[in-house]
Amino acid sequence: MKHTLTALALAITFAGSTQAQTKTPLQYGAQTTEKRSDDAMQKWRSNRFGQFIHWGLYAIPGGVWNGKTYNYAAEFLKSSARIPTSTWDSLMYQFNPKEFDARAWAKMAKNMGARYMTITTKHHEGFCLWPSQYTSFHIGNTPFRRDILKELVEAYNAEGIDVNFYYSVLDWHHPDWRYDIQSPADSIAFRRFLTFAGNQLKELATNYPTVKAFWFDGTWDSSIKKNGWWTLEMEKMLKSVRPGMIVNSRLRADDFGKRHFDSNNQLMGDYESGYERRLPNAVKDVKVTQWDWEACMTVPENQWGYHRDWSVSHVKSPLELLEMLVHSTSMGGNFLLNFGPDGNGGFRKEELHIAKTIGNWMQQHGNVIWNCGYAGWEKQDWGYFTRQEGSAVVNMIVFNKPVSGLLKVKVPNNVKILTARSGNKAWKVEEIAKNEYYIHYTAKKMTGPEVIVLETEKAGQQGDKYQEAKT
Ligand code: H76
C-alpha cells in the first residue's frame, strides 16, 4: 500500500512537472513574458490617473429616443431601441457641438490631476471623430466639420497630458462587419473589414504621431476570435509605425481564440485591461510584479456616453472615485475615469464637481499617485500604502481613521520607520512589536483622505527584543 501511494505521488509529481514544461506552441500568442521596462511603458505606468472620454453621435439623443428613455448604456441606444442603421447614421447631420472647446477640456483634465486621456476615436456605432479617408461616416461630413481628434490631441499635449486612442473593432455601420464567420462569403466580407480596420488604425497612428497607446474594444465576437492572427498583426503594425506604442490586452486573441491571456496563460498586449467597472480585490489577484493593468470606471453604474437621466443608478461620489484611484495605485495599476460630454460639447455638473474635488486633492497630494505603485507592505484597514519604486519613503493614504487614532503599520523584516509626517506636522511613531508600529494620528478632524509620509531605513537584525510565543 505504502509503495503504491509513493508511486502514485511520484506519477502525479512527474505528470505535473511535464505539464508545466509543455507549452502549447502558438503563432499568435504573447510576444513577451515580462513587464515592459522601456521609457514609453514606464511613462504610461507613472501616469497612473487617466481621463476616459466617450463621445460620439450617441451624445445627441443621450439615451432618449422618440420620447422614450432607455436606461441601458447611452452609447448602446441604437441597439437597445432597435434603431435602423440609416436612421442612426443620419444623426451625423445634427452633430454640431457648439460649446466644444478642446483647451477647456484639457485644462479640466489637467486640474483634475489626469496625466493621460483616452478618447473614443470610433465607438461601436462606427462614427469617426477624425476625418478618415476610409469611410465617409466621420466628423468632416457633419455640420461641425472640424477635426475634433486633432484639436484634442493638440490641446491635451499642450497641457502635458498623453493622449491614447480608444478604437472599437466591432462596427455597426460597416457592411462587412460580421459577428461570426459561418460561410465563405462571411469570410471574404470580414477579410475586407479587417483590411478597413487595419487601414484606419494605421491612419490614426500615422496622422496623430503623438498617440501613446491604443485601447481596443469590441473584440469579443467569434469573428475576431477566429482571426487571432489579425490582432497580433495590428499589435506589430502599430509598434512598427510608432516605436514604444502600447496596446491593451483586450485587442488580442491567440491561435485558439483565447483572449487577453494566451493558451499558455501569458498576458498578450502590454497591460491587462479586463478590469471594467471594478477593481481587483487584492494585490495577489493582479500579480503586480508580473504585469501592468488598468481599471476603467464609470460614474453611474453603466453609462459611458452621455445619458440625460442619471437618476436610475447610484452615482459615485468624488470621494468614492478618489479612493478607487488610490486603491488602484496601491495595487500597481492605472485608473481611467470616464466622462461623457453631451451633444453640445459640455460636461454635466456631476462630472465637473468630481473633476474639481479630485483635482483639489491631487494638487496637494498627487505625488503619492503619479510615479507611485505597490509598496510591498501588508495592507491595513485604515487605507492604502503607495511608494515610488526603490524609494525609502512610503506613503500612507488614510481613508478610515480608527477611533483610537492609532494607525497600525506592519513593515517587512529589517525595515525601520524613522518619521511619520503630514506636511510639516510630525506624528509620533511607536514600535509596538517585531515589525509592527503605531502611528499616533492625533488629528482632531479629517477634512479628506490624509496623507502620512513615512521615512524608513534598513535596520540591522532585530535580535531578541521580541520573544516568539510558544504554542
Ligand atoms: C460593452 C462595452 C463598451 N466597453 C466600455 C469600455 C464602453 O465603451 C462600453 O460601451
Side-chain angles (χ1 to χ4, degrees), residues 36-55 100-121 129-130 146-166 204-215 238 241-248 270-271 292 294-297 318 321-322 325-326 328-329 332-339 341 345 347 351-352 354-373 386-389 391 395 451:
R36 270 173 59 176
S37 60
D38 55 286
D39 291 352
M41 198 70 207
Q42 285 189 40
K43 176 62 169 63
W44 181 91
R45 196 178 290 139
S46 75
N47 286 340
R48 282 299 179 234
F49 185 26
Q51 179 190 39
F52 210 172
I53 292 188
H54 274 71
W55 208 30
F100 173 65
D101 178 350
R103 280 191 277 180
W105 287 23
K107 283 223 160 61
M108 166 189 165
K110 172 85 178 185
N111 291 338
M112 177 170 79
R115 291 258 160 120
Y116 67 106
M117 185 275 265
T118 306
I119 173 83
T120 49
T121 58
L129 280 186
W130 82 101
R146 282 149 58 183
D147 182 349
I148 284 179
L149 192 59
K150 183 159 182 277
E151 291 184 26
L152 287 173
V153 169
E154 285 174 3
Y156 277 74
N157 285 173
E159 293 288 352
I161 299 175
D162 290 338
V163 176
N164 303 333
F165 292 165
Y166 166 108
L204 284 167
T206 308
N207 293 356
Y208 305 88
T210 63
V211 56
K212 296 289 188 282
F214 275 78
W215 204 107
L238 291 170
V241 176
R242 295 279 158 229
M245 181 63 78
I246 291 163
V247 301
N248 61 343
D270 301 307
Y271 68 92
D292 287 294
E294 175 197 63
C296 57
M297 190 57 63
L321 294 163
L322 178 58
L325 165 63
V326 174
S328 298
T329 305
N334 283 11
F335 187 70
L336 184 61
L337 177 58
N338 186 69
F339 291 76
F347 290 93
E351 290 179 344
L352 292 170
I354 285 164
K356 181 126 200 13
T357 312
I358 294 181
N360 286 342
W361 191 86
M362 287 294 285
Q363 273 156 35
Q364 221 186 325
H365 300 297
N367 289 336
V368 303
I369 303 292
W370 307 309
N371 301 304
C372 289
T386 71
R387 150 171 30 210
Q388 194 169 336
E389 205 179 320
S391 169
N395 311 301
V451 171

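Values in this document were obtained by computation on a predicted structure and should not be read as measured data.
In this structure, the side chain of Arg48 does not engage the main chain of Leu325 through any donor-acceptor pair within 3.5 Å. A donor-acceptor pair under 3.5 Å links the side-chain atoms of Asn157 to the main chain of Ile161, judged by distance alone. Checking side-chain atoms of Arg115 against main-chain N and O of Ser46 turns up no donor-acceptor pair under 3.5 Å. Judged by distance alone, the side chain of Lys212 and the main-chain N or O of Asp162 form no donor-acceptor pair under 3.5 Å. With hydrogens and angles disregarded, no donor-acceptor distance shorter than 3.5 Å links the side chain of Thr121 to the backbone of Leu129.
Minimum heavy-atom separation, Gln363 to Asn111: NE2-O, 2.8 Å.
The structure places CZ of Phe347 at 4.5 Å from CH2 of Trp105, a figure rounded to the nearest 0.5 Å. Distance check: Ile358 CD1 to Leu322 CG gives 5.5 Å after rounding to the nearest 0.5 Å. Atom OG1 of residue Thr329 and atom CG of residue Asn371 lie 10.5 Å apart, to the nearest 0.5 angstrom.
Summarising the local packing, CZ of Arg103 is surrounded by 12 or fewer heavy atoms from other residues, nucleotides or ligands at distances under 6.0 Å. Lys43 NZ: more than 12 foreign heavy atoms inside a 6.0 Å radius.
A search for side-chain hydrogen bond (donor to acceptor under 3.5 Å, both in side chains) contacts involving Tyr116 returns Glu294, not counting sequence neighbours. The ring pair (Phe, Tyr, Trp, His ring centres under 6.0 Å) test applied to Tyr271 returns Trp44, not counting sequence neighbours.
A donor-acceptor pair shorter than 3.5 Å can be found between the side chains of Tyr208 and Asp147.
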